[in-house]
Every structure is written in structure tokens, then in C-alpha cells.
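Taking it in order: structure first as C-alpha cells, then the write-up.
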Amino acid sequence: MPELPEVEVVRRGLHEHVLGATIESVQVLHPRAVRRHEPGPRDLALQLTGQTVAAVQRRGKYLWLVLEPADVALVVHLGMSGQMLVQPPSVPDEKHLRIRAVLDNGADLRFVDQRTFGGWALAPLVEIDGDLLPVPVSHIARDPMDPRFDADAVVNILRGKHTEIKRALLDQTVVSGVGNIYADESLWRAELHGNRITDTLSRPKLRAVLAAAREVMGEALAQGGTSFDALYVNVNGESGYFDRSLDVYGQENRPCSRCGAAIRREKFMNRSSYSCPRCQPRPRVRRA
DNA sequence: TATATCTCCTGCGGGC
DNA sequence: TGCCCGCAGGAGATAT
């Protein structure tokens, strides 16, 4: 599932392969892939045609292409299964090809998305806290890999909330880029159960979980991201290797690499959470 | 206002 | 073999 490291791998690939390219034509093959572009598929195709990719940027799990001369952003979210592929036109269409942009450098930029949670949208850029961001990204907090990420400020936000720490880690307006996999890995490294309540946790403990998030996502990025199946790939269609380094996510009943206890799986927010019952004890009082 | 839950979507795998 | 159901989960919408 694409979280920050996987999206950053894609961003780097796009920077290498599409920066400076001009879009010659666009085909939207599935309207749901552009549902966040309110004027509709035809407008998106029309506005993209003739635009040149001036930059490829990312915040959290969002990435965007800055387009000139219109000076707008093509905002891309991969959702759960989205892929941005740079392919020669001779490569047959992928089964779940949703959008194709033909570039003047002889390549296709393809958006492939099995579960259609992702999509493309055009948006103006606005200045937020010294950064130029597309409007749909303006509410997204800085991610832990951002050079201007302020861990102390995030600790203060967490201390001011009364919610479970895992829920807060997944809230992209608090800290971005963290999804279910890296939330579990970060909490395991910080030896915290995801149901612990934020305003009961010490500042050092909150700093530790943020540091763990930065650390684990940095390691994943160095290995090209995490992949469990063919759903996450880089722009060349290759998978990362970090799934081989996960300590808890997907490790149910396997021994904890720190203490040997069997990793447990629990339901949380309608999804699976993995943790070590010994290193990460449940809070004594659980909320209803 | 803050927090919690629901909903969208498709393909795979297990059970019958 | 084929059908049904649960599961995977990001993020906006809706409910509390």
C-alpha cells in the first residue's frame, strides 16, 4: 500500500522520467479516476494538453506535477492501489489503466489503479507557511521526512488531543505520510500500544514515536518501499523490498524480534493492527 | 468543535 | 466448479 516511502519512490521516478516533458494528449478511461476534478474528464484532458512538467513534488502521500505555462498542479493520490507508470507506447494497456497521458519525449505516463481509490485532479497553487501547495493538499501537515518538520510542535498538538495514538498518527492533518503499515511499525519501535491516549503520554514518549516513524520510513525508502503484491510498484513497474524488514505488520503469530512473544492482530478502525503483547501492553482502561 | 464511524471500490482467497 | 463472503485500507463525508 503506498505510504510516504512508496510515494517518494514514485516522485523520484517521475522527476527522472517526465521532468521537462510536454503533454501532447490525455485519455481518461475511467471517470472515477478524476472524480476530484470537478469540471470533469474532458476539462482535465483539455487543460493538461500542451502543459510542460516543471517540477515533481510531494507532501505526505500526495504528489503533484507543477505545470507550465498554466502554473497549476496536477495532484495525484495513489489511494490503495494506484501506480504511475512511464511506459513506451508499444506496451499493451494494463488491465486497470485509468488515465493515459502521451508525452512529447516518446513515453506514456499511465495511471493504473485496481481499486480506484486514487486519482488525478488539477488545482491552483497557494502559499501555506512558506510553501507553495496545491489547494487539495493545503490541509495536509508536514511529514517526518520534511526538512521543516517540527517534532516539538507535533508533540504539542498530540498532547492537546484526547484520542488514541494510532488514530492520531493516521490523521494526515497532524502528521502526514503515515499509513497503517508504518503506524504499526513506529508504535512497535516506540514500544507503545496504538490504543494509548495521546494526552496521557509523556513528551519523550511522543517524540520517540515520531522519531521511530521517521526512522522506519527512511529505512523503507532506502529499500525502494514496501510491497506485498503487484499493487505497489515504481514508475518502471518494479517492487520494493522493505516488506522483508517489517517487524510487526503482517507478522501475526510470529515471534517478536525483540522479546519472542507471538505478534497479535487486533481490529482497529475497521482494519488490522499488529503489535507485540509483551513490548506493547494494552492500556489498562480502554475507551468504549 | 472534536472525535468516531461509514463509505467508496476491486480482486483474491477461503469455505462450502 | 462455482458461488458467497470477508478482507485489504486512504480519505472525505457523515454522525455523534
Side-chain angles (χ1 to χ4, degrees), chain A residues 1-8 10 28-38 58-64 75-84 94-99 111-121 123 133-141 143 156-187 194-201 213 217 220 225-233 239 243 246 248-253 265-274 283 286-288:
Chain A
M1 320 306 165
E3 299 182 30
L4 185 154
E6 293 75 37
V7 178
E8 175 60 18
V10 172
V28 177
L29 303 166
H30 195 303
R32 191 174 146 79
V34 298
R35 65 194 180 283
R36 292 193 180 92
H37 184 76
E38 289 185 8
R58 179 193 59 75
R59 173 172 284 196
K61 303 171 200 170
Y62 284 86
L63 64 88
W64 63 94
V75 181
V76 177
H77 199 289
L78 302 178
M80 285 183 62
S81 54
Q83 302 171 8
M84 291 283 276
E94 292 75 10
K95 183 176 179 184
H96 301 291
L97 178 63
R98 308 304 190 193
I99 308 170
F111 182 67
V112 176
D113 190 7
Q114 178 196 99
R115 295 176 194 167
T116 64
F117 276 50
W120 288 12
L133 300 174
V135 169
V137 186
S138 60
H139 67 294
I140 299 296
D143 60 65
N156 286 337
I157 292 169
L158 292 171
R159 294 270 293 175
K161 281 182 167 287
H162 182 83
T163 191
E164 292 129 319
I165 180 66
K166 180 166 178 180
R167 193 182 292 276
L169 285 177
L170 294 173
D171 183 344
Q172 305 298 299
T173 67
V174 175
V175 53
S176 68
V178 181
N180 202 40
I181 298 171
Y182 297 116
D184 280 1
E185 293 296 313
S186 304
L187 290 164
N195 287 120
R196 295 285 298 274
I197 303 300
T198 49
D199 60 6
T200 68
L201 294 170
M217 290 196 291
T226 299
S227 176
F228 295 94
D229 49 38
L231 287 183
Y232 164 67
V233 293
S239 295
D243 55 310
L246 294 172
V248 279
Y249 187 86
Q251 309 298 313
E252 186 180 15
N253 293 327
R265 180 163 74 109
E266 299 170 289
K267 273 288 173 193
F268 180 77
M269 291 174 72
N270 252 346
R271 53 211 59 183
S272 290
S273 275
Y274 297 88
R286 297 197 55 181
R287 304 180 74 213

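Computed from a prediction, not measured in an experiment: that's the story for all the values here. All chains are named by letter (A, B, ...) in the order of the sequence lines, taking the proteins before the strands, and each is independently numbered beginning at 1.
Minimum atom distance to the side chain of Leu170(A) is reached by dG10(C), of the listed dA8(C), dT10(B), dG10(C). Closest to the side chain of Arg115(A), from the set dT7(B), dT10(B), dG10(C), is dT10(B). Closest contact between the side chain of Gln172(A) and the listed nucleotides dC8(B), dT10(B), dA11(C) involves dA11(C). With distances taken from any side-chain atom of Arg271(A) to the nucleotides dT7(B), dG12(C), dT3(B), the minimum falls on dT7(B). For Tyr62(A), whose side chain is taken as the heavy atoms from C-beta onward, the closest listed nucleotide among dT7(B), dC9(B), dA11(C) is dA11(C). Side-chain atoms of His96(A) lie closest to dG11(B) of the nucleotides dT3(B), dA8(C), dG11(B). In this structure, the nucleotide among dA11(C), dA8(C), dT10(B) sitting nearest to the side chain of His77(A) is dA11(C). The Thr163(A) side chain lies nearest to dT3(B) when the options are dT3(B), dA8(C), dT10(B).
Between Gly160(A) and Arg98(A), the residue anchored nearer the 5' end of DNA chain B, judged by the nucleotide with its closest heavy atom, is Gly160(A).
In this structure, the CZ atom of Arg265(A) is 14 Å from the P atom of dG6(C), given to the nearest Å. When the P atom of dT3(B) is taken as reference, atom CZ of Phe268(A) falls 13 Å away, rounded to whole Å. Counting to the nearest Å, the P atom of dA11(C) and the CG atom of Asn270(A) are 16 Å from each other. Atom-to-atom, CD of Glu252(A) to C1' of dC7(C) comes out at 13 Å; the value is rounded to the nearest Å. One atom, CG of Asp171(A), and another, P of dT1(B), lie 17 Å apart when rounded to the nearest Å. Glu3(A) has its CD atom 6 Å from the P atom of dG10(C), to the nearest Å. Straight-line distance from the CZ atom of Arg167(A) to the P atom of dG10(C): 14 Å, rounded to whole Å. Between the OH atom of Tyr182(A) and the C1' atom of dG10(C) there is a distance of 15 Å, rounded to whole Å.
At dG12(C), one or more side-chain N or O atoms of His139(A) fall inside 4.0 Å of OP1 or OP2 (strictly under the cut-off). Between Lys267(A) and dG6(C) there is no side-chain N or O to OP1 or OP2 distance below 4.0 Å. Within the 4.0 Å cut-off from OP1 or OP2 of dA8(C), at least one side-chain nitrogen or oxygen of Ser272(A) is found. In this model, the phosphate group of dA2(B) is not approached by any side-chain N or O of Lys161(A) to a distance below 4.0 Å at OP1 or OP2.
Residue Lys166(A) forms a side chain to side chain donor-acceptor pair (under 3.5 Å) with just one option from Asp171(A), Asn195(A), Asp184(A), and that option is Asp184(A).
Contact check on Arg58(A) versus Glu8(A) returns a salt bridge, with a Lys/Arg side-chain nitrogen under 4.0 Å from an Asp/Glu carboxylate oxygen.
Contacts of Arg35(A) with the nucleic acid, taken as non-hydrogen atoms under 4.0 Å apart, are absent.
Taking the six-membered ring where the residue is Trp, Phe111(A) and Trp120(A) present tilted rings, their angle falling between 30° and 60°.
Judged by distance alone, with hydrogens and angles left aside, the side-chain atoms of Ser273(A) form no donor-acceptor pair with the main-chain N or O of Glu266(A) at under 3.5 Å. Between the side chain of Ser176(A) and the backbone N or O of Gln172(A) there is no donor-acceptor pair closer than 3.5 Å.
At least one side-chain heavy atom of Leu169(A) sits under 4.5 Å from a side-chain heavy atom of Leu187(A).
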